[in-house]
Amino acid sequence: MRSVTVKGPATSANVGPGYDIFALALEYPYDEIQLSLTDSKGIKIEVINNIQNIPTDPKDNTAGLAASELLNAKKIDTGLLITIGKKISSGGGMGTTGASAAATVFGLNYLFDLKMSNNEMIDFARRGEVASGGSPHADNVAAALLGGFVLVKDYNPIDVLKLELPRIPVVISAITKSQRTTRGFITYEIGQEKLKAQMARCSRIIHAIHTADLVEFGKALSVDYIHEPVRGAAIPGYWGIKDKVIEMGAYGCTISGGGSSVIAFCPEERQKEIADYMDTAFSSNPSYKTTIQTFTSNQGVQII
Ligand code: HSE
């Protein structure tokens with residue numbers, strides 16, 4: 001039986017104003033996906049210690065759906081067992097669905113020596129995301145595959161640019177949401193002034209990365225007019241906690257991906273204090289899980 005185990009990092013998509021086009025990879029946590037080729041027909045999914053109730057029907061699971069899309073497109077007839085070891089909190093906007101899909105596509109590329117380009121792998125992995133949010137957004141899967149900061153330059157055809165990041169200290173409070181996705185509540189009618197501000201913020205983020213200016217990076221990512229108003233309204237105390245985190249010395253603070261996790265970027269000497277504050281501030285929220293201290297990472301999926 002041929003088999004490979006792949007580590008897929010947590011990611012934080014949108015990075016403030018970059019809805020569906022920006023994301024970055026985190027050093028920790030990560031999921032571990034084992035792919036084993038079998039003699040039986042079809043795709044089977046097992047989730048180790050499935051306390052998060054991750055779907056195991058391949059069409060409802062991002063790894064299963066991505067694998068099925070890839071195997072069909074490449075006309076590969078094989079049985080496949082996908083064993084998922086979840087370490088990333090599910091349903092919280094920390095990219096666990098993208099990590100699983102990205103790791104699965106990367107692992108299949110390796111097992112069958114398909115020599116796919118990064119963009120082709122991202123394209124298959126993003127199709128897996130339909131199982132989770134109903135939309136083939138590429139931001140999380142691109143950051144999980146490539147690591148670093150990613151910019152989705154184009155969706156048609158998919159074209160992604162990776163930028164290396166300094167190792168930025170991160171605090172992330174994992175908060176789950178009851179819906180699979182809140183994308184349906186987002187209105188894109190933000191008006192001319194906010195549209196201009198949104199475009200300026202996105203440009204500022206890219207410039208801040210090029211110049212390694214973390215203060216500017218944090219300021220630019222802390223304002224968003226597309227998804228943050230909707231998702232912030234669903235997190236009790238969010239706006240006040242965000243202001244306090246910035247007052248405590250964070251470079252910036254926003255909602256991670258589809259929410260409801262909250263992510264702050266800060267100098268290392270402020271990291272523990274901000275983590276302790278966020279842990280206390282969110283502790284009365286019944287959907288709050290834990291607060292993690294981690295770092296941005298330039299490492300994407302890797303075989304272990
Ligand atoms: N860009 C996606 C969204 C990321 O905001 O819905 C989901 O984690």
Side-chain angles (χ1 to χ4, degrees), residues 8-27 93-95 97-99 101-103 105-106 116-129 133 135-168 170 172 183 186 188 190 194-228 231 251-259 263 265 295-301:
T11 56
S12 185
N14 302 330
V15 197
Y19 184 67
D20 282 356
I21 60 165
F22 290 169
L24 51 79
L26 300 175
E27 212 167 88
M94 291 168 63
T97 57
V105 170
F106 188 80
M116 286 190 282
S117 67
N118 287 336
N119 283 336
E120 194 181 2
M121 284 194 279
I122 290 165
D123 203 21
F124 280 117
R126 82 188 177 104
R127 294 191 219 168
E129 287 278 49
S135 119
H137 54 274
D139 43 5
N140 287 111
V141 296
L145 264 161
L146 307 180
F149 177 98
V150 294
L151 159 63
V152 183
K153 292 196 295 182
D154 204 338
Y155 265 90
N156 190 23
I158 201 81
D159 188 6
V160 173
L161 176 72
K162 171 186 175 179
L163 300 174
E164 300 265 328
L165 280 175
R167 188 169 177 260
I168 310 171
V170 166
I172 186 161
R183 295 174 70 86
I186 294 169
Y188 300 92
I190 62 173
K194 287 181 177 166
L195 178 65
K196 285 189 271 188
Q198 188 91 9
M199 290 192 293
R201 297 259 165 190
C202 289
S203 313
R204 284 172 59 180
I205 287 179
I206 299 299
H207 181 66
I209 293 171
H210 283 320
T211 53
D213 183 342
L214 298 187
V215 172
E216 172 65 0
F217 178 71
K219 276 190 187 150
L221 68 82
S222 294
V223 175
D224 166 66
Y225 296 113
I226 295 178
H227 70 99
E228 194 184 22
R231 290 165 172 167
Y251 299 124
C253 179
T254 189
I255 293 169
S256 182
I263 186 165
F265 302 85
F295 292 85
T296 60
S297 165
N298 289 318
Q299 176 68 57
V301 289

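For the single chain, residues carry numbers from 1 onward in sequence order.
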> So, do V152 and I158 sit near enough that their side-chain heavy atoms are less than 4.5 Å apart?
Replying inline: yes
> Among all residues two or more places apart in sequence or in another chain, which pass the salt bridge (charged side-chain N to carboxylate O under 4.0 Å, His left out) test with K219?
Replying inline: none
>> Working to the nearest 0.5 angstrom, can you tell me the gap between L221 CG and E216 CD?
In response: 10.0 Å
> Which heavy-atom pair separates G8 from A99 by the least distance, and what is that distance?
Replying inline: O-CB, 3.6 Å
> Can you check whether N298's main-chain N or O pairs, donor with acceptor, with K162's side chain at less than 3.5 Å?
Replying inline: yes
>> Do L163 and H210 make a side-chain contact, defined as non-hydrogen atoms from C-beta onward lying under 4.5 Å apart?
In response: yes
>> Taking L24's backbone N and O only, do any of them form a donor-acceptor pair with S12's side chain (distance below 3.5 Å, no angle check)?
In response: no
> How about Q198 and D224: do any of their side-chain heavy atoms sit closer than 4.5 Å?
Replying inline: yes
> Is a donor on one side and an acceptor on the other found under 3.5 Å between the side chain of N119 and the backbone of V160?
Replying inline: yes
>> Any side-chain to backbone donor/acceptor pair from R231 onto G257? Under 3.5 Å, distance only.
In response: yes
> Is T296 reaching over with its side chain to a backbone N or O of I168, donor-acceptor style, under 3.5 angstrom?
Replying inline: yes
> Do the side chains of V15 and F217 get nearer than 4.5 Å, heavy atoms only?
Replying inline: yes
> What are the two closest non-hydrogen atoms of I206 and L151, and how far apart are they?
Replying inline: CD1-CD2, 4.4 Å
> Got L214 and F265 here, is their nearest side-chain heavy-atom distance under 4.5 Å?
Replying inline: no
>> What's the separation between atom CG in L161 and atom CG in N118, rounded to the nearest 0.5 Å?
In response: 11.5 Å
> Mind checking whether Y188 and Y19 have parallel, tilted or perpendicular rings, split at 30° and 60°?
Replying inline: tilted
>> Looking at every heavy atom in both A143 and V150, which two are closest together, and how far apart are they?
In response: N-CG2, 3.7 Å
> Is any side-chain heavy atom of C253 less than 4.5 Å from a side-chain heavy atom of I263?
Replying inline: no
> Does any N or O in the side chain of N14 come within less than 3.5 Å of the main-chain N or O of D20, such that one atom is a donor and the other an acceptor?
Replying inline: yes
> Taking all non-hydrogen atoms of both residues, which atom of N140 and which atom of G98 are closest, and how far apart?
Replying inline: CB-CA, 4.4 Å
> Can you find a heavy atom in the side chain of L26 that is under 4.5 Å from one in the side chain of S297?
Replying inline: no
> If you look at every heavy atom in S256 and T11, which pair is closest and at what distance?
Replying inline: OG-O, 4.3 Å
>> Rounded at 0.5 Å granularity, tell me how far CD1 in I122 sits from CZ in R127.
In response: 13.0 Å
> Which value, rounded to the nearest 0.5 Å, describes the distance between H137 atom NE2 and E129 atom CD?
Replying inline: 4.0 Å
> Judged by atom type as modelled, is there a donor-acceptor pair below 3.5 Å linking the side chain of H227 to the main-chain atoms of G16?
Replying inline: yes
>> With a 3.5 Å distance limit and no angle check, can you tell me whether E228 reaches the backbone of I255 through a side-chain donor-acceptor pair?
In response: no
>> Please give me the minimum heavy-atom distance between D139 and A13, naming the atom from each residue.
In response: OD2-CB, 3.4 Å
